[in-house]
Undergrad: 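Before we start, here is the structure in question, set down as structure tokens.
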Protein chains: 2
Amino acid sequence: MSGPGQRVLALLRQMIAEGSLAAGERIAEIPTAERLGVSRMPVRMAFRVLEQEGLLIRHGARGYAVRQLGEEELAGAVEVRGVLEGLAARQAAERGVSAEVRAVLLECLERGDRLFEKGYLCEEDLASYHDLNLRFHQTLVEASGNPAIAAALARNDHLPFASVSALVVDREHLEREYRRFNFAHLQHHAAVDAVLAGQGARAEGIMREHANATLRYARLFGTEEGDSVGRTVIQRGSQKPG
Amino acid sequence: MSGPGQRVLALLRQMIAEGSLAAGERIAEIPTAERLGVSRMPVRMAFRVLEQEGLLIRHGARGYAVRQLGEEELAGAVEVRGVLEGLAARQAAERGVSAEVRAVLLECLERGDRLFEKGYLCEEDLASYHDLNLRFHQTLVEASGNPAIAAALARNDHLPFASVSALVVDREHLEREYRRFNFAHLQHHAAVDAVLAGQGARAEGIMREHANATLRYARLFGTEEGDSVGRTVIQRGSQKPG
DNA sequence: GAGCAGACCATTGGATCCAATAACAACAAG
DNA sequence: CTTGTTGTTATTGGATCCAATGGTCTGCTC
């Protein structure tokens with residue numbers, strides 16, 4: 001575990017996510033292998049995985065290309081995440097959650113409450129919120145008892161900006177971000193309320209709308225088009241899907 | 001294209017789907033390679049892809065195991081397909097469909113009408129219905145304009161029995177299957193009606209329920225538990241996701 | 001007799017080599 | 001001048017070899 005193969009895979013994912021690899025440009029095995037200082041073999045393996053994840057697409061009959069995803073493709077991925085997490089919430093509500101899951105969800109809510117009750121956000125609050133947000137979503141998906149949801153979500157989670165684990169934050173306007181994340185956190189509250197009450201349809205609707213919190217709310221709460229100054233992505237290490 | 005690598009991948013998928021490989025049992029590279037008469041390399045590649053598709057899972061620290069999916073996992077996958085195809089139908093209805101898509105959908109409906117109007121099903125009707133069913137679903141997903149849906153569906157489509165391309169038919173009771181497929185076809189009618197009328201929510205609801213036609217209706221329409229005699233799977237060649 | 005340690009074997013991952021194929025370019029012919 | 005054909009090169013896929021790691025079995029010691 002964590003041999004050169006995994007390292008190459010993680011490196012390529014990161015390079016694609018942060019744009020070091022020009023989108024749409026062709027990418028070959030040998031230059032990539034030399035650039036990363038490994039043999040062609042782990043690169044070959046990584047290319048297959050990355051193709052399955054949708055980050056690379058075949059470029060003609062020879063080689064791969066970094067997939068360039070436009071605005072509406074991103075919106076589509078967010079929409080997909082919405083229906084999947086909505087399904088997870090509904091099934092969790094319908095089947096009922098265990099005491100452990102209930103405890104984790106309530107703890108996430110409480111930790112978020114403590115974050116937001118002081119009325120502003122500082123730098124390390126962003127990291128904390130990111131962590132609890134991730135934990136909340138993962139717990140809900142697990143609580144659905146439907147592993148197919150996690151499997152389907154795994155694809156989206158590899159697309160940059162479309163996953164829960166990628167939070168686009170505007171560090172220049174932390175008061176705006178406070179409102180945005182606070183709203184998202186209130187949606188968490190509503191979702192937990194619905195799930196614990198066994199209200200499947202309500203839980204589904206809330207989580208479906210909540211998917212927009214990642215991306216669309218960023219515009220909704222004031223960050224206009226082209227206002228990319230100071231926008232940062234908190235991207236955490238790839239949590240394993242299993 | 002279509003070299004030994006693709007052949008190995010297709011063979012392994014088929015062997016997993018039809019149960020030639022015992023579920024849950026460990027599967028190693030070397031015996032598999034010898035059994036298929038190829039080197040270890042294409043097997044290694046295929047294992048990675050199959051792991052990404054969810055057909056294989058890691059068996060401890062060494063090797064892979066064929067994933068055994070129980071009844072409720074299958075039901076979960078069907079549910080996932082429901083929400084995804086529901087989303088596709090809704091987005092197709094909301095954005096409107098092109099003339100070409102409209103023509104294809106109507107042609108699928110008409111061909112189905114001709115199949116069912118004679119009041120019974122014969123053997124080659126099953127293949128015809130399978131083809132038009134597949135075409136219908138693919139067209140609808142494409143019409144959504146959301147490639148993330150197809151990407152998310154690709155995972156489910158590899159799980160045996162959960163995809164549109166796997167129809168479980170009971171050849172012993174073709175009159176029952178007539179009622180079942182006819183019902184599914186009427187759902188197609190309703191879905192197209194809703195999509196063409198721009199009724200997104202209605203289209204979504206119909207397609208969501210329609211996902212159950214693959215599996216759950218088989219029991220609903222009379223095939224009881226354990227009544228597996230004469231049940232066959234029409235599984236067609238792996239249509240490429242892109 | 002049981003537990004621990006060491007050694008051997010099985011199996012996987014990486015590297016290098018070889019073959020096959022596709023693309024590009026150059027040259028010749030119409 | 002344009003187009004077709006052929007040759008060369010670049011790149012990918014497959015095979016074989018080598019190293020590293022984990023598991024198991026056996027023997028020794030307490």
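Every chain is numbered from 1 and lettered A, B, ... according to where its sequence line falls, protein lines coming before strand lines. These numbers were taken from a predicted model, which means no experiment stands behind them.
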Undergrad: What integer distance in Å separates A/Ile30:CD1 from C/dT16:P?
TA: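 In whole Å, C/dT16 P lies 12 Å from A/Ile30 CD1.
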
Undergrad: Is any side-chain N or O of B/Ser39 closer than 4.0 Å to OP1 or OP2 of D/dA15?
TA: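 For D/dA15, OP1 or OP2 has a side-chain N or O of B/Ser39 closer than 4.0 Å.
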
Undergrad: Counting only distance, no hydrogens or angles, is the base of C/dT11 paired donor-acceptor with the side chain of B/Arg62 under 3.5 Å?
TA: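 Such a pair is found, so the answer is yes.
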
Undergrad: How many whole angstroms separate atom CZ of B/Arg40 from atom P of C/dG13?
TA: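 That distance rounds to 8 Å.
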
Undergrad: Short of 4.0 Å, heavy atom to strand atom, which residues of residues 44-52 of chain B count as contacting DNA chain D?
TA: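 Residues of residues 44-52 of chain B under 4.0 Å from DNA chain D: none.
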
Undergrad: I'd like to know if A/Arg95 and B/Glu72 make a salt bridge, using a cut-off of under 4.0 Å between side-chain N and carboxylate O.
TA: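 Here A/Arg95 does not pair with B/Glu72 in a salt bridge, since their nearest N and O are not under 4.0 Å apart.
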
Undergrad: In terms of relative ring orientation, are A/His137 and A/His188 parallel, tilted or perpendicular, with 30° and 60° separating the classes?
TA: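 The rings of A/His137 and A/His188 stand perpendicular, inter-plane angle above 60°.
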
Undergrad: To the nearest angstrom, how far is B/Glu34 atom CD from C/dT12 atom P?
TA: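 Distance, rounded to whole Å: 12 Å.
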
Undergrad: Taking atom CE of A/Met207 and atom CG of A/Leu87, what is their separation to the nearest 0.5 Å?
TA: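 Interatomic distance, A/Met207 CE to A/Leu87 CG, rounded to 0.5 Å: 11.5 Å.
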
Undergrad: Just say parallel, tilted or perpendicular for the rings of B/Tyr129 and B/Phe181, cut-offs at 30° and 60°.
TA: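 Rings of B/Tyr129 and B/Phe181: parallel, as their planes differ by under 30°.
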
Undergrad: Report yes if some heavy atom in the side chain of B/Thr32 is under 4.5 Å from a heavy atom in the side chain of B/Leu12; otherwise report no.
TA: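 The answer is yes, as the side chains (C-beta and beyond) meet within the 4.5 Å cut-off.
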
Undergrad: Could you grab the distance from atom NE2 of A/His59 to atom CZ of A/Arg67, nearest 0.5 Å is fine?
TA: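 Separation between the atoms: 15.0 Å.
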
Undergrad: A/Pro42 or B/Ala28: which one's nearest nucleotide on DNA chain C is closer to the 5' end?
TA: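 By nearest-heavy-atom nucleotide position, the 5'-most residue is B/Ala28.
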
Undergrad: Output the rounded distance in Å from CE (A/Met41) to P (D/dA19).
TA: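 Distance check: A/Met41 CE to D/dA19 P gives 16 Å.
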
Undergrad: Let me test you: for the helix from C/dG1-D/dC30 to C/dG30-D/dC1, what is the angle between the axes at its two ends (five pairs each), rounded to 10 degrees?
TA: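 Taking five pairs per end, the axes differ by 10°.
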
Undergrad: Round to a whole Å and report the spacing from CD of B/Glu29 to P of D/dT16.
TA: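 Interatomic distance, CD of B/Glu29 to P of D/dT16: 14 Å.
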
